[in-house]
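For reference, the structure discussed in these notes is given below.
Since we're looking at a predicted model, the values are computed, not measured. Count residues from 1 along the sequence. Just so it is clear, the values below take in all heavy atoms, side chains as well, and ignore hydrogens, waters and symmetry mates.
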Amino acid sequence: SGLVLVKNPHLDLMEEDVLYHLDLGTKTHNLPAMFGDIKFVCVGGSPNRMRAFAQFMRRELGLPGEDVADICAGSDRYAMYRAGPVLSISHGMGIPSISIMLHELIKLLHHAKCRDVTIIRIGTSGGLGIEAGSVVITDTAVDSSFQPRFEQVVLGDVVVRSTELDKDLAEELLACSRDIPDFPTLIGHTMCTYDFYEGQGRLDGALCSFSSEKKLEYLRRAYEAGVRNIEMESTAFAALCGLCGLKGKSCPFHLL
């Protein structure tokens, strides 16, 4: 039916669902009226970038005015803006931050009775063997062992979830990129780590237990496994979106 799914039977027993970190709720807000026509959701780490993206979308869609209001202004966790059928939301840095946002976003879209929603993560990443400024359209998000999985500890048990992303959407985005020659675009694996420094092989953190040679050998193995960029959110993004019926794609771009 194209509806956004929630895999939680307990929600049906709740008198009210409060989306704490978005400052929204099923009793305090008319979510179908506010969000029922949303077709695209774009998420990224920085509140300022997502505000700028919403302003850009307003111009592209020919909507009057450029200023956009933060729908989540009552919370200091995330920022949310809309431009017509496009919702633009910040998710902070790392798996814990994006996971909290996605749980509440998915419930919001479900309560709003949204249909056929496409969600795309945009943001910066570290490139691997690619030209600076490239956009990597993720076909599969992999963990630090180059495996297509997201591991979540639930009540002491390790739950493993798939991180495959929509391949048709990847090809569609790649086709769109051919009309924009300003930056190179490619499809590849995105590696998701739990840390910006040691987890990504950086030598400039407060801790470093490896040599530069060991780092390069690890990055060579990652490249051979199909990894073309590294960030800290894609496995959680792919797993949650896939389980809840969202057509999702991660499209981080590489900056030096």
Side-chain angles (χ1 to χ4, degrees), residues 4 19-25 28-94 97-125 133 135-138 165-166 169 172-173 176-177 179-180 182-183 185 231-234 236-237 240-241 244 246-255:
V4 178
L19 310 178
Y20 302 99
H21 304 90
L22 301 182
D23 192 38
L24 296 168
T28 54
H29 298 80
N30 186 339
L31 298 181
M34 293 174 67
F35 302 102
D37 59 343
I38 291 295
K39 292 297 182 183
F40 299 93
V41 180
C42 291
V43 304
S46 163
N48 287 337
R49 287 179 188 161
M50 300 321 293
R51 181 174 183 270
F53 177 77
Q55 292 171 327
F56 169 78
M57 287 307 306
R58 290 189 69 84
R59 294 193 296 271
E60 289 294 300
L61 294 172
L63 299 175
E66 285 197 10
D67 197 24
V68 289
D70 182 3
I71 299 169
C72 301
S75 168
D76 60 357
R77 300 296 182 183
Y78 305 103
M80 178 190 296
Y81 308 94
R82 70 168 298 170
V86 181
L87 206 58
S88 176
I89 313 173
S90 68
H91 59 60
M93 292 179 66
S97 185
I98 194 174
S99 176
I100 293 167
M101 187 280 290
L102 285 173
H103 273 277
E104 298 188 14
L105 168 66
I106 289 166
K107 291 196 298 175
L108 183 156
L109 297 173
H110 171 76
H111 292 312
K113 297 180 172 56
C114 296
R115 292 178 180 270
D116 302 317
V117 177
T118 297
I119 181 168
I120 299 175
R121 194 190 90 75
I122 55 178
T124 57
S125 67
V135 172
V136 178
I137 302 172
T138 308
L165 286 159
D166 191 289
L169 179 56
E172 185 177 350
L173 290 171
C176 290
S177 74
D179 296 327
I180 310 172
D182 299 337
F183 44 81
T185 304
E231 43 86 279
M232 297 186 291
E233 294 89 17
S234 57
F237 173 85
L240 268 71
C241 293
C244 295
L246 283 167
K247 189 177 180 181
K249 183 60 54 186
S250 180
C251 298
F253 52 89
H254 164 46
L255 294 181

- Message: As a quick check of understanding, evaluate side-chain contact (heavy atoms from CB on, under 4.5 Å) for Leu246 and Leu109, giving each step before the final call.
- Response: CA-CA 10 Å; Leu246 283 167; Leu109 297 173; 4.1 Å; yes

- Query: Do Phe237 and Leu165 pass the side-chain contact (heavy atoms from CB on, under 4.5 Å) test, and can you show the C-alpha distance, the side-chain angles, and the key distance before you say yes or no?
  - Reply: CA-CA 9 Å; Phe237 173 85; Leu165 286 159; 4.2 Å; yes

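- Rounded to the nearest 0.5 Å, atoms OG (Ser88) and CG (Asp70) are 10.0 Å apart.
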Please output the side-chain donor-acceptor pairs of residues 55-62 that fall under 3.5 Å, not counting sequence neighbours, one pair per line with the distance.
unit_1: Arg58; atom_1: NE; unit_2: Gly65; atom_2: O; d: 3.1
unit_1: Arg58; atom_1: NH2; unit_2: Pro64; atom_2: O; d: 2.6
unit_1: Arg59; atom_1: NH1; unit_2: Glu66; atom_2: OE1; d: 3.3

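- Open room surrounds CE on Met93; 12 or fewer heavy atoms of other groups in view lie less than 6.0 Å from it.
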- Start with the C-alpha gap between Phe35 and Met80, add the side-chain angles, then the distance that decides, and say whether side-chain contact (heavy atoms from CB on, under 4.5 Å) holds. CA-CA 12 Å; Phe35 302 102; Met80 178 190 296; 3.8 Å; yes

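- Remark: Asp166 CG to Ile137 CD1 distance equals 12.0 Å, nearest 0.5 Å.
- Residues that satisfy the side chain to side chain donor-acceptor pair (under 3.5 Å) test with Asp116, not counting sequence neighbours, are absent from this structure.
- By the 4.5 Å heavy-atom criterion applied to side chains, Glu233 and Val43 are not counted as neighbours.
- The closest side-chain heavy-atom distance from Leu105 to Ile119 is below 4.5 Å.
- In terms of heavy-atom proximity, Arg115 sits nearest to Lys39 at O-NZ, 3.1 Å.
- With values rounded to the nearest 0.5 angstrom, Ile98 atom CD1 is found 8.0 Å from Glu231 atom CD.
- Judged by distance alone, with hydrogens and angles left aside, the side-chain atoms of Thr185 form no donor-acceptor pair with the main-chain N or O of Val135 at under 3.5 Å.
- The two residues Ala54 and Tyr81 come nearest to each other via the heavy atoms CB-CB, 3.6 Å.
- Nearest heavy-atom pair across Ser97 and Tyr78 is O-OH, 2.7 Å.
- Here the CG-CG distance, from Leu22 to Leu108, works out to 6.5 Å after rounding to the nearest 0.5 Å.
- The two atoms that bring Gly45 and Ser90 nearest to each other are O-CB, 3.7 Å, heavy atoms only.
- When all heavy atoms are compared, the tightest approach of Cys241 to Leu102 is SG-CD2, 4.4 Å.
- Between the NE2 atom in His91 and the NE2 atom in His21 there is a gap of 16.0 Å [rounded to 0.5 Å].
- Under the 4.5 Å side-chain criterion, counting only non-hydrogen atoms from C-beta, Thr138 is not in contact with Arg121.
- One N or O on the side chain of Arg82 and one on the backbone of Met34 form a donor-acceptor pair closer than 3.5 Å.
- Asp37 and Pro85 get closest at one heavy-atom pair: O-CB, 3.7 Å.
- Heavy-atom neighbours of Lys113 NZ from other residues, nucleotides or ligands within 6.0 Å: at or below the threshold of 12.
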- Given side-chain contact (heavy atoms from CB on, under 4.5 Å), test Asp67 with Arg51 step by step and report yes or no. CA-CA 9 Å; Asp67 197 24; Arg51 181 174 183 270; 3.0 Å; yes

